[in-house]
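The structure under discussion appears below in the form of structure tokens.
Chain letters run A, B, ... following the sequence lines, proteins first and then strands; every chain starts at 1.
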Number of protein chains: 2
Amino acid sequence: MCCRVLCASRDGDFGKRDDEPVTTTPGRTTRASRTRLPRGALTPERIVETSLRLLDEHGADAFSMPRLGKALGADQTAVYRHFSGRDDILLAVADRLLEEAFEGFSAQPYWADTLADVCRRVRGAYLAHPAAAALSGPRTTRRPAEMRAADAVIGALGDAGFDPAEAALLYRVVADFALLWSGGEAAFHSLDAKTQADEADGWKRAYRAADPQEYPHIHRVRDPLFEVDSADVFETALGLLLDSMEHRAPRGDGRARRDPGE
Amino acid sequence: MCCRVLCASRDGDFGKRDDEPVTTTPGRTTRASRTRLPRGALTPERIVETSLRLLDEHGADAFSMPRLGKALGADQTAVYRHFSGRDDILLAVADRLLEEAFEGFSAQPYWADTLADVCRRVRGAYLAHPAAAALSGPRTTRRPAEMRAADAVIGALGDAGFDPAEAALLYRVVADFALLWSGGEAAFHSLDAKTQADEADGWKRAYRAADPQEYPHIHRVRDPLFEVDSADVFETALGLLLDSMEHRAPRGDGRARRDPGE
DNA sequence: AAGCCTTAGTCCAAGCCATTGACATGACTG
DNA sequence: CAGTCATGTCAATGGCTTGGACTAAGGCTT
């Protein structure tokens, strides 16, 4: 008995625990640390939602089991009753991102518009949740939202007249473009503000200071280089890809013109 | 008394420390833990090399300060004399990757070949060191190798007849394509074997099982879909981008034909 | 309705990790 | 030869993930 008391005091848990109830929003009455959570309080949905919120609001660094537990008002290890581990949660979050991306999605009349729509949707969702996108990385689940999008893309490529082998290859091009490009952009945006600023600064400085002798071409375009915007880069890349596809497509070249982005 | 014993055993440090000198390779005579390393034993170069080796051989998870220290035969904290932290090392590793990518690089006679070469070099280096590439993520330094490549790309776009604003935009397209795409692929390859297999399995299973009613187009191309190879996807995407650029280029359309990849 | 069993939340601890500050040692500098 | 500075080492702090033991609550059988 005495041992329990002394050992416990050594951790100093109780003292620290006391400040837990002081939540960031003092209005909340639920003193999570004292009362046991009711039975069905934790659900996979709630856990995923809270994880996503945590990632959105406080960045990738803020996503840890202790913090997630605290945000849920539960013990940090309670989550393990619903997910096998941190990674498992992240996978579910990734899935949710794609669901969000393809909410209300349906194929467009002209095939190339469908491809553009899919790419823009993925990018939109990823940039709306950069930390989540960066952490879930190149992993995807094969759930309905994603499958519907895949089917639409392959269908669009069929409309364009590509045979199955070509369609399969081009499907991968479109899917990888959307996921890898958006994922990379998201990873950059999920860096902490300082690192991001340093990175941007570094570029500007390097371009501006580029020795005209050694790097004549950089020097020539250094001003427009500062003006380039990531969204433009994405749209340009997308446009280049789709132009080529239209060019190579057995059907549909020039018949129904593609909508311009934005 | 009983309390002291119980509580102290909680740390349990000393017992564990004993196994440290038992290195994984018992043949090695240098008992790193006993003799102090000579003065100039650690250099930034050696640290970066060792980090890269560690990442290559044992994956991203194996990169930790304790392991790095052990691999260097030094105390884990000795590294902090040369780098400000883990992140700083990773940045240096990223830099080294790009140096490796652009070793012996020079512009090609035909502009589009230069762009293709740059993209393939980045991908090659990243896939040769996937863990390092995945960890260094979207961050780059602006060191000579990279600047030379950037200058060559912009120069090539100038050769194609693009004006500075177009060249700046297309430079970003090419650079982002190479870095983001390769980085994403590398991130996938740096997952542990099991996760990677699960992911691949998941795809196969999902495609094969795709309900012909619900996902008719997936069903139609499910066989060729298994055959698609990442390298083909990359080359196809690159080809599509370059085709469009040649098409849009004021000069060089169709005059000197581009080398096919591989 | 009583008791059992499963489920879900909690507690505690083990073993990682990055980083910091105090300390030691050896090489240059004056 | 004394002082200083660079560089390697040590001990410690406070995070992190995860696993195992514990416990309460609800549904099930009888």
Side-chain angles (χ1 to χ4, degrees), chain A residues 3-17 19-20 30-47 50-51 54 58 60-90 135, chain B residues 6-21 30-44 46-47 51 54 58 60-90 135 192:
Chain A
C3 294
R4 297 235 3 209
V5 171
L6 284 180
C7 293
S9 75
R10 198 173 162 277
D11 313 347
D13 268 348
F14 297 134
K16 274 173 233 139
R17 280 294 163 93
D19 68 1
E20 259 187 12
T30 58
R31 298 202 13 156
S33 59
R34 240 8 329 145
T35 76
R36 193 191 184 91
L37 231 45
R39 212 91 212 289
L42 259 38
T43 60
E45 289 72 39
R46 217 163 88 68
I47 292 172
T50 307
S51 300
L54 219 51
H58 301 103
D61 293 343
F63 184 72
S64 71
M65 302 311 257
R67 294 218 211 193
L68 177 55
K70 206 167 278 189
L72 287 161
D75 186 90
Q76 64 175 285
T77 63
V79 171
Y80 286 89
R81 298 289 166 203
H82 303 271
F83 290 92
S84 72
R86 172 195 160 91
D87 221 46
D88 199 22
I89 303 174
L90 257 11
L135 280 188
Chain B
L6 285 179
C7 295
S9 75
R10 201 175 156 272
D11 314 347
D13 268 348
F14 296 133
K16 274 168 237 141
R17 278 296 160 94
D18 284 347
D19 69 0
E20 257 189 13
T30 57
R31 299 203 10 161
S33 58
R34 242 4 334 141
T35 75
R36 193 192 184 90
L37 232 46
R39 212 87 211 290
L42 259 39
T43 60
R46 218 163 87 68
I47 292 172
S51 300
L54 219 52
H58 301 103
D61 292 345
F63 184 72
S64 73
M65 302 312 256
R67 294 219 212 191
L68 178 55
K70 206 167 275 189
L72 287 162
D75 186 89
Q76 64 175 282
T77 62
V79 170
Y80 286 89
R81 298 290 169 200
H82 303 273
F83 290 92
S84 71
R86 172 195 159 90
D87 220 48
D88 200 21
I89 303 175
L90 257 12
L135 280 188
D192 55 303

* Asked: To the nearest angstrom, how far is B:R46 atom CZ from D:dT7 atom P?
  -> 15 Å
* Return yes if the base of D:dT18 and the side-chain atoms of A:R86 contain a donor-acceptor N/O pair under 3.5 Å, otherwise no. => no
* Asked: Can you tell me how far P of D:dC10 sits from CE of B:M65, to the nearest Å?
  -> 17 Å
* **Value in whole Å for how far the P atom of C:dA13 lies from CG of A:D75** => 14 Å
* Asked: Between B:D61 (CG) and D:dT17 (C1'), how many Å, whole number?
  -> 12 Å
* Asked: Should A:R81 and A:L42 count as side-chain neighbours, where that means a heavy-atom distance under 4.5 Å?
  -> no
* Structure fact -> All heavy atoms of B:I89 vs all of B:M65, minimum pair found to be CD1-CE, 3.9 Å
* Considering only side-chain heavy atoms of B:Y80, which listed nucleotide, D:dT17, C:dT20, C:dC17, is closest? -> C:dT20
* Structure fact -> A:I47 atom CD1 is separated from C:dG9 atom C1', nearest whole Å, by 11 Å
Produce the list of close N/O pairs, under 3.5 Å, pairing protein atoms with atoms of nucleotides 21-23 of chain C; give distances to one decimal.
residue, atom, partner, partner atom, Å
C:dA22, N6, B:R81, NH2, 3.3

* Separation of D:dT7 C1' from B:L72 CG (nearest whole Å) -> 14 Å
* List the atom of A:H82, the atom of A:P44, and the distance in Å for their closest heavy-atom pair. => ND1-CD, 3.9 Å
* To do: Figure out the NZ/P separation between B:K70 and D:dT9, and round it to whole Å.
  => 14 Å
* To do: Go through the structure and list residues passing side chain to side chain contact (heavy atoms under 4.5 Å, CB included) with A:D88, not counting sequence neighbours.
  => A:F83, A:S84
* d(CZ, B:F83; C1', C:dT19) in whole Å -> 16 Å
* To do: By nearest nucleotide on DNA chain D, pick out whichever of B:V79 and A:D87 is the more 5' one.
  => B:V79
* Structure fact -> Picking from D:dT7, D:dC16, C:dT10, the nucleotide nearest the side-chain atoms of A:R36 would be C:dT10
What donor-acceptor contacts under 3.5 angstrom involve side-chain atoms of residues 71-79 of chain B, with partners at least two apart or in another chain?
residue, atom, partner, partner atom, Å
B:D75, OD2, B:T77, N, 2.8
B:D75, OD2, B:T77, OG1, 2.6

* Compare the minimum distances between each of D:dG8, D:dT17, C:dG9 and the side chain of B:A41, then state the nucleotide with the smallest one. => D:dG8
* To do: Between B:L42 and B:Q76, name the one whose nearest nucleotide on DNA chain D is closer to the 5' end.
  => B:L42
* Asked: What's the verdict on side chain to side chain contact (heavy atoms under 4.5 Å, CB included) for A:L135 and A:R86, showing C-alpha distance, side-chain angles and the deciding distance?
  -> CA-CA 11 Å; A:L135 280 188; A:R86 172 195 160 91; 4.3 Å; yes
* Structure fact -> Whichever of B:S84 and B:R67 has the more 5' nearest nucleotide on DNA chain C, that residue is B:R67
* Structure fact -> For B:G40 and B:T43, the nearest pair of non-hydrogen atoms, with its separation, is O-CG2, 3.8 Å
